[in-house]
2 protein chains.
Amino acid sequence: MGTRRATAEKQRPARDPSAIFERNEVRETFRISYLANSLVLPAYDEISREYSLSRGEYLLLFCLAHMPKLTAQDVANMTGRPRNSISRAVHRMLREGYVDRTPDPEDRRQAMLQITARGLKLHRRIVTKFIAREDALLSVLDAQERAALDSILKKLVLHTATLAV
Amino acid sequence: MGTRRATAEKQRPARDPSAIFERNEVRETFRISYLANSLVLPAYDEISREYSLSRGEYLLLFCLAHMPKLTAQDVANMTGRPRNSISRAVHRMLREGYVDRTPDPEDRRQAMLQITARGLKLHRRIVTKFIAREDALLSVLDAQERAALDSILKKLVLHTATLAV
DNA sequence: ATACTATTGTTCCATTTGGAACAGTATGGT
DNA sequence: ACCATACTGTTCCAAATGGAACAATAGTAT
């Protein structure tokens, strides 16, 4: 790793990549974005390689693993992704047998989605990746800090819903 | 809005989109991801419509607005995006005159990137969108909570760097 | 009843995206 | 001096992505 260390040594503070975290007008936005990527992208990478599922496809599985019945629109609301992405994901997951769909007789525009046993099994295997990553990240916080973070994030998420898009 | 209210009333808790925030194995991950999207996507949407800049392109501008000189690789490190995306963004921003590039005589593989006056002006106009959104979100927190969030996020970001990808 | 508006899920299309392979340059060991 | 290894920025290609328009269905108002 000689090269790498040499490069790092040459690196003046003016180019230190971590400096930008302190040096910008929207520090919390930048940090939250960065953390989100760091929490989520490595796992999605593995999921794509190991199971050939796209981000949107696993997101659908994830939602259905925790909510017994959802419409495609519900999933779009939860994840903030556009409906066409969900639609594509639903078709793929139906083909793979991870998800079931039954038309809603009370509103024939929509259909109720449900996870299958097979889908739930897959989710349980996959979600460990995210758990491990989250644990690793949060391990740097003490109990008090964790509690504070938890309550603050809860508040923020709740508040977000009231903001106009 | 009659229809919307009717739909909302029909909605059983089993389908309440906000329920999933409490009901999953990686609550903080899910919340942080959601917040990141909520903070950033609406602004990127406007930026794309108003200035025809893609996310990666503005991210480059943002980095250079706060760091006097960077290589493409530096930007990749800061943003977590792959190098080819940065490369594309650099070419586009060079053409538009938002960014300058000068080859590094000490290492002829790389080139130093700098923002132009024109680029900085554009950034100043654009960044207000992110500031407004961040302010709106954080307005729900009191001073103590803000301080706590700030210090916790700082700690987490620092710690992330030590985690293997 | 009938028009008008809203909502759901879908298809189409253009853009964005990221991985892989590449040439050029630099570094370290022999 | 030479070879192996590593790093930078680039191009190519396949896949993912999101907006717009659409048909089918539902709700609202006259």
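Numbered from 1 within each chain, the chains take letters A, B, ... in sequence-line order. The analysis underlying the following values was restricted to heavy atoms, covering all of them including side chains, and did not include hydrogens, waters or symmetry mates.
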For the residue pair B/Asn84 and B/Ser87, confirm or rule out a side-chain donor-acceptor distance under 3.5 Å.
no
Considering just the side-chain nitrogens and oxygens of B/Arg101, establish if one lies under 4.0 Å of OP1 or OP2 belonging to D/dT10.
yes
Under 4.0 Å between a side-chain N/O of B/Arg81 and OP1 or OP2 of C/dG18, yes or no?
yes
Pick the nucleotide of DNA chain D nearest each of B/Ala72 and A/Pro82; which residue has the one closer to the 5' end?
B/Ala72
Reckon B/Ser54 has a side-chain N or O less than 4.0 Å from the OP1 or OP2 of C/dT17?
yes
Hey, does the side chain of B/Arg88 come within less than 4.0 Å of C/dT17's phosphate (OP1/OP2), counting only N and O?
no
If you compare every side-chain N and O of B/Ser87 against the phosphate oxygens of D/dG9 (OP1, OP2), does one of them come in below 4.0 Å?
no
B/Phe62-A/Phe30 aromatic ring centre distance below 6.0 Å:
yes
Test side-chain hydrogen bond (donor to acceptor under 3.5 Å, both in side chains) applied to B/Thr29 and A/Glu134, step by step
CA-CA 6 Å; B/Thr29 300; A/Glu134 180 174 301; 2.5 Å; yes
So that I know where these two stand, are B/Tyr58 and B/Tyr51 an aromatic pair - ring centroids less than 6.0 Å apart?
no
More than 12 heavy atoms from other groups under 6.0 Å of CZ on A/Arg124
no
Given B/Asp45 and B/Arg49, is the salt bridge (charged side-chain N to carboxylate O under 4.0 Å, His left out) satisfied, shown in steps?
CA-CA 6 Å; B/Asp45 239 49; B/Arg49 273 197 308 275; 3.5 Å; yes
No-H, no-angle donor-acceptor pair, A/Arg108 side chain to C/dG9 base, under 3.5 Å:
no
Considering only side-chain heavy atoms of B/Arg109, which listed nucleotide, C/dG9, D/dT25, C/dT25, is closest?
C/dT25
Given DNA chain C, 5'-ward residue of the pair A/Asn84 and A/Asp45, judged by closest heavy atom:
A/Asn84
Looking at B/Ser85, I'd like to know whether one of its side-chain N or O atoms comes within less than 4.0 Å of OP1 or OP2 on C/dG18.
yes
Sugar-phosphate, base or nothing in reach of A/Arg49, heavy atoms under 4.0 Å:
nothing
Is it the case that the base of C/dG18 and the side chain of B/Arg83 share a donor-acceptor contact (distance under 3.5 Å, atom types as modelled)?
no
Between the two end axes of the helix from C/dA1-D/dT30 to C/dT30-D/dA1, each built from 5 base pairs, what angle do you get to the nearest 10°?
30°
Could you give the CD1-to-P distance, from B/Ile47 to C/dT15, as a whole number of Å?
19 Å
Tell me if the NZ atom of B/Lys154 is crowded by more than 12 foreign heavy atoms within 6.0 Å.
no
